[in-house]
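Each remark here refers to the structure printed beneath this line.
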Amino acid sequence: MSRKTINIPLGAQHISLLEPVRFKFECENEKIVGVDSDVGFVHRGVERACTTKFKFDAVGYVVARICGLCAITHSLAYTVAAENLLGAQVTAKAAYLRTLLLELDRIHSHMLCLSHTCENAGFEAMFMQIMGDRELVMEIQELISGNRVQFDYICIGGVNRDITAELGKKILENLTLVEKKVREYKDEFLNNWSLSLKFRGVGALSLEDAYRFNAIGPLARAAGLQTDVRNEMSYLPYKEIGFVMQMQESGDIHARNMVRLDEIQNSIEMCRNIVNGLPEGEIITKIKGKPQGETIVRYEAPRGELMYYVKGNGSAMLDRVRIKTPTFSSIPAFSEIFLGQEYADAPAILASFDPCLSCTAK
Amino acid sequence: MFRKFRKKSPWILHYNAGSCNGCDIEILACISPKYDLERFGVINTGNPKQSDIFLVTGPVTFRSRERLVELYTQMPEPKVVVAVGSCTCTGGVFRDMYNVEDGIDRYIPVDVYVPGCAASPELIIDGVVKALEVLEKKTKAMEKPRKLFSEATTKEGIVDRRECAQKVGEADAKDTE
Amino acid sequence: MQKIQSSLEKIREEIEGFYDQKSWHFLTLNGVALSNEKLEVQWIFSKYATPDEVVVYYIEVPYDVEIPSIADIIPSAIISQRELVDMFGIAVEGSTKGLYLDEDSMQTPLKGCQI
Amino acid sequence: MIEILLILLAPVAGGLLYGFERVVRARMQNRQGPPLLQPFYDMMKLIDKQTLIVNPTHALLGVMHFVALWAVVAFTIMGGNLLYIVFLHLLASLFLVLAAFSVKSIFSHLGANRELLSMIAYEPILVMFAVAFYMLNGSFSIDAVRANPSALGSLLFLFLAFLFVVQLKLKKSPFDAAKAHQEIVGGAEVEFSGLFFEFVYMALWLEYVFVYLLLMLFAGDNILLGGILFCVAFLLVNLVDNATARVRMEHLIKIFLGIAVSLAALNLLGLAYV
Amino acid sequence: MLTQILILSPLLFAFAVLFAGVRLRNILTVVFVVFLAGVSLVHLLFINEPLRYDLPHELHTLFFFFDALLLLFFLYVGIAKKDPLVASLAASQIVLYAAVKFVNGAVGSSDFLIDNTSLMMYLIVNIVGGIIVIYSLKYIESEEFSRLKKNGFIAVLFFFLGVMNFLVGTNNIEIFFLLFELTTLCSYILIGYRKDTISTQNALRALWMNQIGGVAILAALLLALVSYKTLSFDLLIANIDTAYLFPIVFLLLAAFVKGAAIPFEKWLLGAMVAPTPVSAILHSATMVKIAPFLVLKLSPAMSGFLSEAVMLFGTFVFFAASLLALSKNYFKEILGLSTIALLSFMMALAAIGTQEAILAASILMVFHALSKALLFLQLGILEKEFHLKYVNDIESLMSYSPLVVFFIVFGFASLTLPPFGVFIGKFMAFESFAAGIQESPVFLAALLFSALGSVFLTILYFKVLTKVFVRDMGLGDSKRKEIACTYKITSWALSVLLGVGIVWSLAQRLFGMWEILIPVLLIGVVPLLLYVFVLQNAQRVKEYNCGEKEEVVLNMYYLHTPSAVQKTILILSLVFLGSLFVGVAL
C-alpha cells in the first residue's frame, strides 16, 4: 500500500500562535500520530550576553526581556540569586511587594492563557470577555510599576517603587471585581456544553506520565502531581499570606483551566493579604560587593518552575548564568500529549499548555 | 478611486520574529474590548495573502528571518510594515547578540516604527493609524522590489536602509518626471 | 545545594541508582565552562515537597568526549542534552545539533572563556 | 422586473446583513465594532489590491463558486424548483471545494475536506426541507410555497432543524469547523487573495441571502411573519455563536445526524400521518 | 430481423476475428463496431411498439444441450480446481435443471419480446460496449501474449456482446437462464484471463457467486412452472398472484447477485482487482446492467410489500456501498463500489414502478454506463501509460497529462453535477421518493438513505479529485506525455456522448431550459472569459505554508468505517434479503 499520512504544520507563523514555534504533525486523517517540534525560533543568546555584555547589576533587567509575560519572575529569580552570592538580605516590605507583583503577574498571565485557550477553541466571546477583564489587572500593574508589561520593578536589594494608601485601595477594588468575574468564568467553564466537548478528556496527561516527564506547573498539578515551587522555597513569605496548592485529577485541558482559575482566586486572596498586612520599612537596601561563588534559585513562574544557576567570580562580570525556563522542560511532555489527539484540538491543547517560547529559546 | 477605501479596511498579519512576547500580548490586548481595533475595520487574519498591514515584533533572530521575508513576499501590494517595539526597530537590548539581526529593517522595508518596551496598546494603535495613512499614499512605484534587493548592501554586508530609501525616492522622482 | 562529584564513566550508573521519579524531580542539565579546555557538566535534581533541597551531580570533562545520555532513565532530559550540544559543541550520546542554532552552524556560543 | 432588481441587489443586501451582524456581534462582546458598511470598504480595498494567484484553476473555481451561488439566489428569488436549488447550491459549494483542492496547501485541503464532511451533515436536512414543502403543496415550486399560507405550525421541528443548517452554512460557532480560523486559517479560502478573495468573500454574503431566503419560506405568503422569523433567527444565531465553542467535525456530524435529521424526519412523518 | 443481426453477427464475428492478423483485426473490429452501433440506433428509430418473435423448436433443443454442457463444464471446473462451492452449486443447478425439464408442460409465450427497456439496453451494450472493444485493441497490444490469445480476448468480448444482445431481448426464462450462465462464463474467462493466482482465485469466486444467481433463476423457473404453468416473463408478470410471489423474489435474488448488491459485492470487486481493466470496464459499464434491467422487467409484478422492501434494500446498499468506498485507496475498488452503489439505486427506483421512477432508472442506467466507462478507460490509461493504480499516487498528474485529468474530472462531474444525465436521474429519483412518503414511511427511509448515500458518493469523487487537481507550481511542460491515439479517441467518443446527453435532456424538457443552461454556462463560459481577461497577466505566488518553504506532504483523507460498522452492514443486508423471503411467505 502507499503512503497514508499527511503532514500538517502548525507554525512558524500561525494565527493561533503568539510566538513562533513549529510543530509538524503527522496525521492520519486529522488524528495525530507523530509530532515533530522546533522551538528555536526565538533564540537570541541571552545567556551569553549576560556574561559578556552586561555587568551583574544590569543583568536583572536583561533577563526580564527573555519573556514579556513572566518578566518579573525572571528578574526576581536572578536578583535573588545575585543577592545570595552577595550575601545580602532584603527587608520584609520589599519581599512583600515583590510577592504582590509576582502574584498580579500570575493572575494576568493565567487570564491570558485562559482567554487564548478559549479563542483557540473557537469561543470568541469568552476570549473577548476575559481579555477585557484582564485590563483591570493590567491597570493595577501599571499603577504600581509604571509599565504594563516590562515592569523593571525589582532591583538588587529591593524594589524600585512603593505603593501608597490610595493605590492600595484601588488594588483591592479592582481585585474584588476580578474575583467576581473569575467566579463567572468558573461557572462557564464548568457548565458550558460546547466547552466541555472541546476540553474534557482532551489532551490529557496521566499522573504516571507527569512523573515520568517531570511535568511542572499547572500541567503537573492538573494531573495530580503535587509540585509547586512556592511550597518548596523559603525566601518569599508565601506561608504567611495564605498560599494553598491547587490540584486537579484528570490532567486534561479542563483540569488545567480549573487549576488556573483556582490559582487566580488564591492569588487574589494572597494579594489582598499582602496589601492589608504590608509591613513597614524601607523598600530598598544598599548592597555592596561583587558576586562570588555559585547558587541555584528556583521560583514558580505562572507556567511552572523557573531555575537560575548563577556563578560569579568576584568581578562585575558573571561567569555563567544558566536559565531553565518552565516551558523548556515541558516540551517532551507536550509532544507526548499530542499523540492520538485530533488536529482540530491541537491549537487549544497548545494554548492550554500556556507555552512561552521566548522563555524556552532565550 | 478605490484608494481611499484602503484606509478603511486594514487587515493585519502579525509575526513574532523573536521578541519577548511582551509586544505580542499587547497586540492581543489591542483586539480586546478595551481598545477594540475592529473599530477601524481591522481584522487579524493571520494569513499573509489577505493582509495589508504587517505587524512585526522582535529583533529578527537568525532562524526567523527567512520566514519573515517569505511572509512579506506573500502579501499582495499595497502593504505596510509596522515594526512594533524597540527591539524590532533597532535590536534594542538584544543588539549585537550572536543570534540576532538587529531590527527588521535589514530585511524588509519598514514604514512605521513604534517604540517602547513593551509598546503599549495606545502606541500600537497609533502606529496602525499612521500605517493607514502610509497605506493610502502608497503607489505602485514605491513597491518595486528593487527597494529590497538591489544595491541594498554596503561593503560590510549590512543593509543601510536609509540610503536605500533615498535612492528609491530619487528613482520615483525620475519616474514621475 | 548539595554537590556530588562523579566521573564520566560512572555518572550514568550513579544517576540510575539515585533517581526515583516519585521523589526526585529532574531540573536540568547544565554546562559551565571552566577554561578553554574543560567544562563542568551538572545534572540538577530537586526533591518534591521539601524546601530548598537541590542535589547536583557533576563531572569535569574536556570538550572532546562524549557525554552519556540519560534519556532512557529520564525522558525529559533529551531536550537539555540537545541544548548542551548546541551551546558547548560537545557530543552527547544520541543528540544532534539544531535545537536553537542551525544544523550546520559552526557557532558554540558558550564554549570556553568568553571575556 | 422587481425580481431582476432584487437579484442584482442580492449581494448588496448580503453585504449589509453581514456588516450589521458584525456590529451586533461586537456589541454582544462589549465592543464598539466596525462600521456598518465595513464589508463594502473591505470589498473596495480588495479590488484595489494586486492580483496574486497560486494557479489559474484555483482562481477560476473561486469565481465560479460566487457566480453559481448567485445563480442559486436568482433561482430562489424567481421561485424555481426547490429541490433543484438545493442541488445547485451543492454544486456551488463544490466549486469552492474543488478550488481548495487544486492548490498544494495543507490548510486549504483540510478546509475543503471539512467542507465535504459538513455536507454529510446538512444535505439530508436540505433535501427533507424541500420534500416537506412538496408534501404540503404537491410541488417543489417555491412560487407555490410563497402563494400558500404559512405552514410554520406543521413544520416546527423542521424549522428547528433548519436553524442548525443556518448556523452551519453561515460558519457560526459551534458549527464553524470548516472555516475554523484558529485551526486551519480560514480553510478553503486560505489561498485566495486580492480580487479573487473578494469573490469568495462576497460569496459568503450571498450565502447569507440564500439561507435567510430559504428560512423565510416557512412564513409562506405572510411577509410580516417572514420578517419576524428572520429577526428571531438572526438574533438566535448570533446569541448561540457568542455562547459556544467550536465543536469538532465528528461531533458536528453526530449532532446533525442525531438531532437535526431526526427532528426533520419526525416532522415529515408527522406531515404524512398525523 | 435487426435483432437477429445484433445477436448473430457478433457471435460469427467472434470466430472471424480469432484468425485475423493484427492490422486486419483492428480494421475489421472498428468497422464492425460502428456497424453494430448503427444497427442498434436504427433499431431504436424503427421499433415503436413491442416486438415479438418466436424461435424454432430445434433451437430449443440446441439450447438444452448448451445448458447441459455449460453446467457440466462448471462442475468440471469445480472439481478440477478443487473448489467445493463451484462444484456443489453446479451440481445443484444440474439437479434443478433436470427437475425443470421433468416438470415441463408449460404454456409458452413468444420467445422474444423487445420493448423499450430492451432497446435502451441495446444502445448501452453496443455503443458503450463497442467503444470498450475498440479501446481494448490498443490495450491488449501492450500485453505479452501470443497473437492467438490476444485475438481470443477480442473474440470473447464480441461473444459477450452477442450474448448480451440476446439476453436483453429474450422473454423465455429458460433461455434467459442459459444466457445468464453464458455471461457468467464470460466473466470467468475474462477475469481469469491472465491465469495467475489472484486472477484464478477471483475468477472462481465470480463463478460461484454468479451461480447462486443461476440457482435462483432455476428455482424461480421451477416455481413458475409448478404454480403458474409458464416459463415466459410476460405471462408470469401478467398472471402474478400477490399471494404467491416466490418466483419473482428468486428472480430478484438473481438480479442482486448479478448487480453485486452488498452481500455479493465480492465478485465484482474481485473483477476489479484482477489485472484486466477491460473486463472491469465491461463488467461495470455493461454486464452488471442486467441487474437493474431484470428489476425493470419485473417491476409491473411488484407492488406493496415487495416493491417497498426492494426499494429499501436498494437504497440501503446504495448508502452502505458508498460508505465503504470512502475508506478505499485503490482506484478500481473505489469505482467498483460506486458502481455497486448506483446499481442498487437503480434497482430501488425500478422497484418503485411509477412511470417517473422507471424513467429515472433508465436515465441513470444509460448515463451511468457512459460515465463509468469513461472513468474506467482513464483508469486503464493510468495503469498502462503511467503505471499508477492507487489514488494516492496520482498526484501531479496535471503536469503529466492534463487531458487525462480532464477526462477524469469530466467523468466524475458527469456522475454528480447538473446538467449531466446522472444528476437528472438522481433528481427524478428524489422526486419519486418524495411523492411516495405519504403512502409509506419506507419512502422516508429510502429518501434518507439515498440523500446520505449521494453525499457520500460526492465526497468519494471529490476525494479522488483531491489528488488529480493538485498541481506543482514549478513543473513546466517538460514532463508532458502523450497518450495513445486509440485511448484518446475512445475517451472523446464517450465524452461527446455525455455531451449529447445534455442536449437530449434539453430536448426532452426534463428540466426548464435555464436550469440546464445555467450550469453549462457556469462551467463553460465564465472561466473562459476570466481566463482571457484577467488571469493571463496575474502574478503567481507560492502557497501559504506558515511561512515555511518546505514541501508539504498531502495525502488523501481516509474515512474509515470501523469493522463493527462493516459487520453491521453485512448483517443488515442479509436481514433485508431474508426478510424479503419471509415477507413474501407471510
Side-chain angles (χ1 to χ4, degrees), chain A residues 5-11 13-18 24-27 29-31 114-133 135 181 188-189 191-202 253-254 257 341-351, chain D residues 21-22 24-33 101 104-114 116-118 164 167-168 171-187 189-190 237-255 258-259:
Chain A
T5 54
I6 43 179
N7 283 356
I8 308 180
L10 185 69
Q13 186 271 337
H14 192 278
I15 176 84
S16 71
L17 298 172
L18 275 178
K24 211 160 87 185
F25 297 116
E26 198 184 344
C27 298
N29 291 328
E30 287 199 18
K31 191 172 159 231
L114 288 168
S115 70
H116 198 223
T117 313
C118 286
E119 163 86 345
N120 282 359
F123 199 162
E124 200 191 331
M126 195 75 184
F127 163 77
M128 288 295 179
Q129 200 187 345
I130 302 182
M131 282 304 282
D133 298 336
E135 291 299 325
K181 299 284 186 186
E188 188 77 23
F189 275 101
N191 299 327
N192 189 313
W193 162 81
S194 59
L195 276 183
S196 73
L197 274 187
K198 201 74 187 175
F199 288 164
R200 281 182 205 256
V202 175
I253 301 183
H254 177 72
N257 287 336
Q341 303 293 324
E342 293 283 313
Y343 171 74
D345 291 327
I349 296 175
L350 188 59
Chain D
E21 194 198 72
R22 272 175 75 175
V24 169
R25 199 173 56 195
R27 293 293 153 83
M28 281 177 174
Q29 293 169 353
N30 261 330
R31 293 185 289 128
Q32 188 190 338
F101 274 142
K104 220 171 176 179
S105 157
I106 187 74
F107 295 115
S108 191
H109 277 228
L110 279 172
N113 188 44
R114 289 183 180 187
L116 279 177
L117 286 179
S118 66
F164 280 76
Q167 200 83 5
L168 191 149
K171 305 276 160 53
K172 295 281 176 202
S173 154
F175 302 132
D176 57 345
K179 205 171 176 180
H181 220 258
Q182 284 77 22
E183 292 161 22
I184 51 176
V185 207
E189 59 195 48
V190 64
V237 163
N238 280 300
L239 268 178
V240 172
D241 178 42
N242 266 331
T244 49
R246 176 187 310 127
V247 297
R248 276 205 297 271
M249 217 57 226
E250 54 175 296
H251 287 140
L252 188 151
I253 292 175
K254 273 180 195 156
I255 290 167
I259 301 174

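What you see is a predicted model; the values in this text were computed from it and never measured. Sequence lines set the chain letters: A, B, ... in the order given, protein chains first and strands last, and positions in each chain run from 1.
Nearest heavy-atom pair across D:L252 and D:L168 is CD2-CD1, 3.6 Å.
Note: A:D345 leads A:D345, A:L195, A:N192 in heavy-atom pairs under 4.5 Å with chain D. Among A:C118, A:A121, A:P347, the residue with the largest count of heavy-atom pairs under 4.5 Å with chain D is A:A121. Most heavy-atom pairs under 4.5 Å with chain D: of the set A:G122, A:A346, A:A351, this distinction falls to A:G122.
A distance-only check finds no donor-acceptor pair linking the side chain of D:R246 to the backbone of D:F175 [under 3.5 Å].
No part of D:L117 comes within reach of chain A, as not one of its non-hydrogen atoms sits under 4.5 angstrom from that chain. Residue contact with chain D, scored on non-hydrogen atoms closer than 4.5 Å, is absent for A:Q129. Of the two parts of A:N120, the backbone and the side chain both hold a non-hydrogen atom closer than 4.5 Å to a non-hydrogen atom of chain D.
Using cut-offs of 30° and 60° for the angle between ring planes, the D:F107 and A:Y343 rings count as tilted.
With sequence neighbours left out, D:E21 forms a salt bridge (charged side-chain N to carboxylate O under 4.0 Å, His left out) with D:K172.
Taking the six-membered ring where the residue is Trp, the centroids of D:H109 and D:F101 are separated by under 6.0 Å.
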